[in-house]
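Heads up, the thing below is written out as structure tokens.
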Amino acid sequence: MYVVNGYAARPSSRVLGVDPGLTRCGLGVVDGVPGRPPSLVATGVVRTDADLDIAARLLAIEEEIERWLTKYQPDTVAVERVFSQHNVRTVMGTAQAGAVAIVCAARRGLPVALHTPSEVKAAVTGSGRADKDQVTLMVMRLLRLTDRPSPADAADALALAICHLWRAPAIQARARQANARTTTGGPVSKGSAVGGTA
């Protein structure tokens, strides 16, 4: 007798995680289904020279992301949502690299998900305040790696991919609810009661 669990019918999904940056842009691809340990497909980092013109750097990142999309054929691209930081120049470069990844995915009709650093940390470690070392160690454990992904940008990209892989069902459920509200005329009014009397 075989026991069929809730994940048996779900096809495996492949996610490309992008940890955007101009000097180092982390890339990581994982396969899996929500609720189960994912498997590593590939990880790496796109490096650009700080002495190069910004256009040349962004082009180099675009070309490498396109190469990864062609080679690994992900179902979804997950990109870190850029937060304001103390160094405006750094955050601008990060945002520009992230936008390149989004455009590359959109060009191929791939869905794009944006996740905040705290969402990624919470999904992978259980705590939104985990430090980079804790995230890396959990990525290693989940992917059954013996060596640390190096540099840290590669581990961050894998964490992004894992985060999206596990959060995708909740994201899709929220999207369905939003679509249902739109097609039925909007949200329930405040005067209505659910499961009781108004």
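For the single chain, residues carry numbers from 1 onward in sequence order. Nothing here was measured: the structure is a model prediction, and the numbers come from that model.
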According to the salt bridge (Lys or Arg N to Asp or Glu O under 4.0 Å) rule, which pairs have a member within residues 114-126, sequence neighbours left out? Glu119-Arg167
Under the rule for side-chain hydrogen bond (donor to acceptor under 3.5 Å, both in side chains), what residues qualify as partners of Ser127, not counting sequence neighbours? none
Please collect all side-chain hydrogen bond (donor to acceptor under 3.5 Å, both in side chains) contacts where either partner lies in residues 132-147, sequence neighbours excluded, each pair once. Lys132-Asp156, Asp133-Arg148
By salt bridge (Lys or Arg N to Asp or Glu O under 4.0 Å), Arg24 pairs with (sequence neighbours left out) Asp153
Are any non-hydrogen side-chain atoms of Pro38 and Leu143 less than 4.5 angstrom apart? yes
Using the salt bridge (Lys or Arg N to Asp or Glu O under 4.0 Å) rule, collect all pairs that involve residues 55-65, keeping only residues at least two apart or in two chains. Glu62-Arg107, Glu64-Arg67
By side-chain contact (heavy atoms from CB on, under 4.5 Å), which residues pair with Ala159, not counting sequence neighbours? Val120, Val124, Val135, Val139
Are His115 and Glu80 close enough, and set up right, to give a side chain to side chain contact (heavy atoms under 4.5 Å, CB included), and what steps lead you there? CA-CA 5 Å; His115 298 286; Glu80 183 177 287; over 6 Å; no
Within a strict 4.5 Å, meaning less than it, do heavy atoms of the Leu165 and Ser13 side chains meet? yes
Taking the side chain as every heavy atom from C-beta outward, state whether Ser12 and Arg36 have any atom pair closer than 4.5 Å. no
Is there a side-chain contact between Cys25 and Arg47, using heavy atoms and a 4.5 Å cut-off? no
Provide the closest heavy-atom pair for Pro20 versus Gly98 in the form atom of the first, atom of the second, distance. CB-N, 3.4 Å
With sequence neighbours left out, which residue pairs that include part of residues 25-48 fulfil the ring pair (Phe, Tyr, Trp, His ring centres under 6.0 Å) condition? none
With ring pair (Phe, Tyr, Trp, His ring centres under 6.0 Å) as the rule and sequence neighbours excluded, what pairs involving residues 12-44 come up? none
What residues, two or more places apart in sequence or in another chain, satisfy side-chain hydrogen bond (donor to acceptor under 3.5 Å, both in side chains) together with Lys71? none
Quick one: name the residues clustered hydrophobically with Ile102, using the 4.5 Å side-chain heavy-atom rule over I, L, V, M, F, W, Y, and just say none if it's on its own. Leu16, Val18, Leu22, Leu27, Val29, Val41, Val46, Ile54, Leu58, Ile61, Ile65, Trp68, Leu69, Tyr72, Val77, Val79, Val100, Leu110, Val112, Leu114
The complete set of ring pair (Phe, Tyr, Trp, His ring centres under 6.0 Å) pairs with one or both residues in residues 134-158, sequence neighbours excluded, reads none
Could you walk me through whether Leu142 and Val30 pass side chain to side chain contact (heavy atoms under 4.5 Å, CB included), step by step? CA-CA 11 Å; Leu142 291 168; Val30 300; over 6 Å; no
Taking Arg14 first and then Asp75, would you say they form a salt bridge - that is, a charged N and a carboxylate O separated by under 4.0 Å? no
Starting from Val45, can I reach Leu158 by hopping between I/L/V/M/F/W/Y residues whose side chains sit under 4.5 Å apart? no
Partners of Asp49 by salt bridge (Lys or Arg N to Asp or Glu O under 4.0 Å), sequence neighbours excluded? none
